[in-house]
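Below is one structure, written out as structure tokens; the observations come after it.
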Amino acid sequence: MKAPDWQPRFIVIGAVKAATTWIQARLQDNPAIHMPDPEPHYFSSEFDRGEDWYRAFFEHRAQDAAQGRIVMGEKSADYLAHPLAAERIARALPQVRLVLQLRNPVERAYSDYKMFFRRGTVKGPPEDYLRSPDNPHPRFLQDGLYARHLARWYDLFPREQILIYLYDDVRVQPRRIVEAVSGHIGVPPVFRPELALAQENSSRSAILPLSLRKALAPLKQTIRPLRGKPVFENMRSLLAREMHYPPLAPSLREQLRDFYARDVETLEAICGLDLSRWKAPARSAA
């Protein structure tokens, strides 16, 4: 039975802090693809909102999809690690093509910590959150147990429906990644070299002071249409400051590498990936 025209034909399922916003932006460069800008998180944290709520992300382009002018997809990077997302997607979208970008789990954990530090959600040093999953934000460590999470997806989807590639390869072979993902989801690739290495959601980006961000939070939806416009961006550049993060100590890096070692070995075995770079001494995370 043919799936409804509004339903996505592909989903980027993760991982969180593995530069999935980069591949989303590169796919959105392609006029044959429609992806909503916000992550719906429907099959994870927003499932109780119901299918009608999810449909609203796509139905305005359903006619284009029905006529074969576009392919629809979405990106919600928390799906990979969410305990129920795989089963929910398998029930609703059994033929969907899945895309998974993986990052060295040590670097991913520190990057996730930095995102929360940037938001003001955490204030202590990395040692307070990355030494053990027994902390207020266990996702920092648990989301990087890729083999454990991927096992759920392999139980429910044929392997040919899941494309996996590495964050490291994005930096050195961006064209190949865009072509591979485009082929996997069934559209001719569009690659714009000038945007190939554009940083999306970079922790190095300047940011407004926390007090100002909190004051502006109620106006988030009002401000959204102004983003990208010269007057708004010029004003933001005057107020934004470079963010400085507590460093990740070498001893903690080694502890994290040991924490993930068995999962990395399992991931290599079940996916056929070469993860030797992850086993080498960790480099500074971005």
Side-chain angles (χ1 to χ4, degrees), residues 10-27 39 44 73-83 85-86 89 96-115 130 133 138-157 159-174 176-185 197 199-203 253 256-286:
F10 72 92
I11 302 176
V12 179
I13 61 173
V16 171
K17 303 310 295 178
T20 55
T21 304
W22 178 89
I23 191 59
Q24 177 186 21
R26 302 293 71 79
L27 293 175
E39 297 189 20
S44 52
E74 66 125 314
K75 188 265 285 191
S76 295
D78 64 333
Y79 286 166
L80 171 65
H82 193 278
I89 293 173
V96 73
R97 309 294 282 183
L98 302 171
V99 177
L100 177 57
Q101 180 168 306
L102 299 179
R103 183 180 188 179
N104 182 319
V106 175
E107 296 180 5
R108 195 223 69 82
Y110 182 44
S111 183
D112 208 11
Y113 158 82
K114 288 198 294 183
M115 181 176 70
L130 302 184
R139 62 173 261 176
F140 291 163
L141 294 180
Q142 292 178 348
D143 279 19
L145 294 169
Y146 304 135
R148 178 184 300 179
H149 303 312
L150 190 57
R152 292 192 296 272
W153 298 84
Y154 277 158
D155 285 343
L156 295 166
F157 292 93
R159 292 197 174 213
E160 59 268 20
Q161 283 181 228
I162 306 176
L163 175 68
I164 304 174
Y165 60 96
L166 302 180
Y167 170 96
D168 307 270
D169 295 332
V170 167
R171 296 187 172 189
V172 295
Q173 297 180 308
R176 183 181 69 80
I177 296 301
V178 171
E179 291 174 348
V181 175
S182 300
H184 181 65
I185 65 180
L197 297 179
Q199 299 247 347
E200 310 288 343
N201 289 342
S202 173
S203 61
R253 285 186 184 276
L256 286 168
R257 193 166 54 148
D258 291 343
F259 176 82
Y260 289 116
R262 180 171 296 182
D263 191 83
V264 169
E265 292 287 350
T266 303
L267 187 65
E268 274 192 319
I270 64 176
C271 298
L273 296 168
D274 177 6
L275 301 178
S276 54
R277 286 172 290 186
W278 293 5
K279 299 175 186 178
R283 297 170 297 174
S284 296

Donor-acceptor contact present, side-chain S182 to main-chain V178, <3.5 Å: yes
Heavy-atom neighbours of R148 CZ exceed 12 at 6.0 Å: no
Any side-chain heavy-atom pair of W278 and V106 under 4.5 Å: no
Pairwise side-chain contact, Y146 with R108, heavy-atom cut-off 4.5 Å (strictly under): yes
Student check: side-chain heavy atoms of V264 and N104 closer than 4.5 Å: no
Non-hydrogen side-chain atoms of I11 and V99 separated by less than 4.5 Å: no
Euclidean distance, D78 CG relative to I13 CD1, rounded to 0.5 Å: 10.5 Å
Nearest-0.5 Å distance, CD1 of residue I164 to CG of residue L98: 9.5 Å
L150 and C271, any side-chain heavy atoms less than 4.5 Å apart: yes
Heavy-atom closest contact (P105 atom, G144 atom, distance): CB-O, 3.6 Å
From CG (D258) to CZ (R262), nearest 0.5 Å: 11.5 Å
For L145 against Y260, the heavy-atom pair lying closest together: CD2-CD2, 3.8 Å
Smallest separation among heavy atoms of H82 and S44, with atom names: CD2-CB, 3.5 Å
Nearest-0.5 Å distance that lies between atom NZ in K17 and atom OG in S111: 4.0 Å
Any Q101 side-chain heavy atom under 4.5 Å of L166 side chain: no
Main-chain N/O of H184 paired to R97 side chain as donor or acceptor, under 3.5 Å: yes
Value rounded to 0.5 Å, distance of CZ in F10 from CG in L27: 5.0 Å
Any donor-acceptor N or O pair under 3.5 Å, side chains Y79, E74: yes
N/O donor-acceptor pair under 3.5 Å between R152 side chain and L80 backbone: yes
Polar side-chain atom of T20 near backbone of V16 as donor-acceptor pair, under 3.5 Å: no
Interatomic distance, L156 atom CG to Q161 atom CD [nearest 0.5 angstrom]: 10.5 Å
Working for side-chain contact (heavy atoms from CB on, under 4.5 Å), residues F259 and L130: CA-CA 10 Å; F259 176 82; L130 302 184; over 6 Å; no
Heavy-atom pair of closest approach, residues D143 and A81: OD1-CB, 3.5 Å
R257 side-chain N/O to A280 backbone N/O, donor-acceptor pair under 3.5 Å: yes
Ion pair R103/D112, N-O distance below 4.0 Å: no
Contact list for residues 263-275, test salt bridge (Lys or Arg N to Asp or Glu O under 4.0 Å), sequence neighbours left out: E265-K279, E268-K279
L267 versus L102, closest heavy-atom pair with distance: CD2-CD1, 3.9 Å
Donor-acceptor contact below 3.5 Å, side chain H149 vs main chain Q142: yes
Residue pair L141 / Y113, side-chain heavy-atom distance below 4.5 Å: no
Pairwise side-chain contact, L100 with W153, heavy-atom cut-off 4.5 Å (strictly under): no
